[in-house]
A.B. asks: 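Have a look at this one.
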Amino acid sequence: MQEKITQYTSEINTFQPKSVDELEAFRIRFLGTKGIIKDLFDEFKTVTPEEKRLLGKVLNEFKKLAEEKHQSFKEQFESGVQAGEAKQDLSLPGEGFETGSRHPLSLVRKEIIEIFKKLGFNVAEGPEIEDDWHNFSALNFPEEHPARDMQDTFFIKKDAENGDIALRTHTSSVQVRMMENGQPPFRAIMPGRVYRNEAISARAHCFFHQVEGLYVDENVSFADLKQTLFYFVQELYGEGTKVRFRPSYFPFTEPSAEMDVSCSICKGAGCQMCKHSGWVEILGCGMVDPNVLENCGIDSKKFTGYAFGMGIERITNLKYQIRDLRLFSENDVRFLKQFQSELI
Ligand code: DAH
């Protein structure tokens, strides 16, 4: 019996399981109900009292050795570490995970903001759910103006007392909120999402993004507006980009204009993007109508101002030659990954 124990002891001492299954086989062999230790104890009962005195302690120690060996490997497997060595090679480089990238519209919005910040413009925001007053009435839209029509506007609630509630159709509503809440000077740009009830296609979407600009103070003139926008375009599209202003109409500005830039893609030679005209319209602008100033509690005899509004999608399309507006909202990583910028 002593001999057997010595032999099993050396077997246990060199035992190195490579898997949980091997460890389990070890447990059954030595510690199981029909295992070696059980057999040894049975045999122990049959030996002489003389041998009992000698073997008792040895047998108990042998049992303890088997139990401890099993327990320590069990713990190692549970903590994911194998006998004496790490299960994983910790010196291997980690598996990298993919980083995201900025959305092209965010990049361009940021670029626009940075340019105007240099000119001292603040950034302001307003709600996307607007009432009739801020989106239309205060901005001098006549009652029957087609822009109020169901075709264009997503109405949310009919409210005879406070005016209908709708998703804002433009960021010009933020101008009103800003002017209502203070007195000139105001010099701010207002980026945000706007909504229009349009069928979705390559050229139109039911939501898009605008940046509104407003400058109101004493003696602000159309010349100031032109110079500011000229500077903006040189910064955005590069020195030498030409601009032209065409007379236009908006209810909230008088006079009103639309501004074109020389096509940044064909440099004026004519291409698909500029419909072979060499020019691309990028924004609407004008002098804030005195009615709008008065609607917002500002003395139109003392103060004048200019405003402008541009679509971020349009500017982004031109910059990156994107031809389908739907790409901006499809979240296709292959599309989104292409835009890198030094602006984070
Ligand atoms: N709100 C106009 C639109 O959505 C854009 C616009 C035109 C804004 C002229 C202005 C402006 O501030 O002066 O089409």
Side-chain angles (χ1 to χ4, degrees), residues 109 112 116 121-128 130 132-142 145-149 151-154 166-180 184 186-198 203-217 220-230 232-233 243-261 280-293 295-296 298 300 303-315 325:
R109 180 189 55 204
I112 295 169
F116 282 103
F121 282 72
N122 297 322
V123 180
E125 285 182 349
E128 291 181 16
E130 244 332 341
D132 180 275
W133 170 255
H134 291 95
N135 198 73
F136 294 125
S137 297
L139 288 164
N140 213 24
F141 278 82
H145 196 283
R148 290 174 179 240
D149 201 294
Q151 305 235 307
D152 262 317
T153 310
F154 285 116
L167 294 177
R168 67 178 176 199
T169 59
H170 55 181
T171 45
S172 302
S173 55
V174 190
Q175 286 185 33
V176 179
R177 290 193 171 270
M178 170 164 260
M179 289 192 282
E180 276 179 344
F186 300 110
R187 185 158 50 183
I189 51 166
M190 297 149 255
R193 182 174 290 176
V194 302
Y195 300 84
R196 286 190 202 167
N197 195 354
E198 303 243 17
R203 313 181 112 252
H205 212 294
C206 59
F207 66 80
F208 53 99
H209 301 81
Q210 292 187 328
V211 176
E212 192 79 12
L214 177 72
Y215 180 29
V216 182
D217 202 348
V220 176
S221 71
F222 202 95
D224 297 324
L225 169 64
K226 282 177 85 173
Q227 183 53 39
T228 303
L229 293 179
F230 181 77
F232 165 66
V233 166
V243 299
R244 75 176 184 191
F245 289 82
R246 284 177 290 101
S248 185
Y249 173 77
F250 300 102
F252 37 91
T253 43
E254 183 58 38
S256 304
E258 279 169 315
M259 190 181 84
D260 299 341
V261 294
V280 192
E281 183 221 315
I282 64 159
L283 56 80
C285 59
M287 299 305 292
V288 181
D289 192 300
N291 285 347
V292 175
L293 294 174
N295 284 341
C296 300
I298 287 161
S300 64
F303 297 108
T304 53
Y306 64 69
F308 55 86
M310 63 188 96
I312 303 181
E313 276 81 351
R314 166 67 68 93
I315 288 171
L325 273 179

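Remember, predicted model here, so these are calculated numbers, not experimental data. Only heavy atoms go into these numbers, but all of them, side chains included; no hydrogens, no water, no symmetry mates. Ligands are counted one by one from 1 in listed order, and the atoms in each one are counted from 1 as well.
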A.B. asks: Tell me, please, which residues at least two apart from F222 pass ring-ring contact (aromatic ring centres under 6.0 Å, His included).
C.D. replies: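 ring-ring contact (aromatic ring centres under 6.0 Å, His included) list for F222, sorted by chain: empty.
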A.B. asks: Should the heavy atoms of other residues, nucleotides or ligands under 6.0 Å from CZ of R193 be counted, would the total exceed 12?
C.D. replies: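 Above 12, so yes.
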A.B. asks: If the test is ring pair (Phe, Tyr, Trp, His ring centres under 6.0 Å), which one of F308, F116, F121 qualifies with F232?
C.D. replies: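 Between F232 and the candidates, ring pair (Phe, Tyr, Trp, His ring centres under 6.0 Å) is satisfied uniquely by F116.
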A.B. asks: Extract all N/O-N/O pairs under 3.5 Å that connect ligand 1 to the protein, and present each with both atom names and the distance rounded to 0.1 Å.
C.D. replies:
{"from": "ligand 1", "atom 1": "1 (N)", "to": "H170", "atom 2": "ND1", "distance (Å)": "3.0"}
{"from": "ligand 1", "atom 1": "1 (N)", "to": "S172", "atom 2": "OG", "distance (Å)": "3.0"}
{"from": "ligand 1", "atom 1": "4 (O)", "to": "R196", "atom 2": "NH2", "distance (Å)": "2.9"}
{"from": "ligand 1", "atom 1": "4 (O)", "to": "Q210", "atom 2": "NE2", "distance (Å)": "2.9"}
{"from": "ligand 1", "atom 1": "12 (O)", "to": "Q175", "atom 2": "NE2", "distance (Å)": "3.1"}
{"from": "ligand 1", "atom 1": "12 (O)", "to": "E212", "atom 2": "OE2", "distance (Å)": "2.6"}
{"from": "ligand 1", "atom 1": "12 (O)", "to": "F308", "atom 2": "N", "distance (Å)": "3.4"}
{"from": "ligand 1", "atom 1": "12 (O)", "to": "F308", "atom 2": "O", "distance (Å)": "3.4"}
{"from": "ligand 1", "atom 1": "13 (O)", "to": "A307", "atom 2": "O", "distance (Å)": "3.2"}

A.B. asks: Is the gap between the ring centers of F250 and H170 under 6.0 Å?
C.D. replies: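 Distance test on ring centres: not under 6.0 Å, no.
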A.B. asks: If you measure only the distance, is there a donor-acceptor pair under 3.5 Å linking the side chains of H205 and E198?
C.D. replies: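 Distance-only check fails for H205 and E198.
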A.B. asks: Under a 4.0 Å N-O cut-off, is there an ion pair linking D217 with R187?
C.D. replies: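 No, no charged N to carboxylate O under 4.0 Å.
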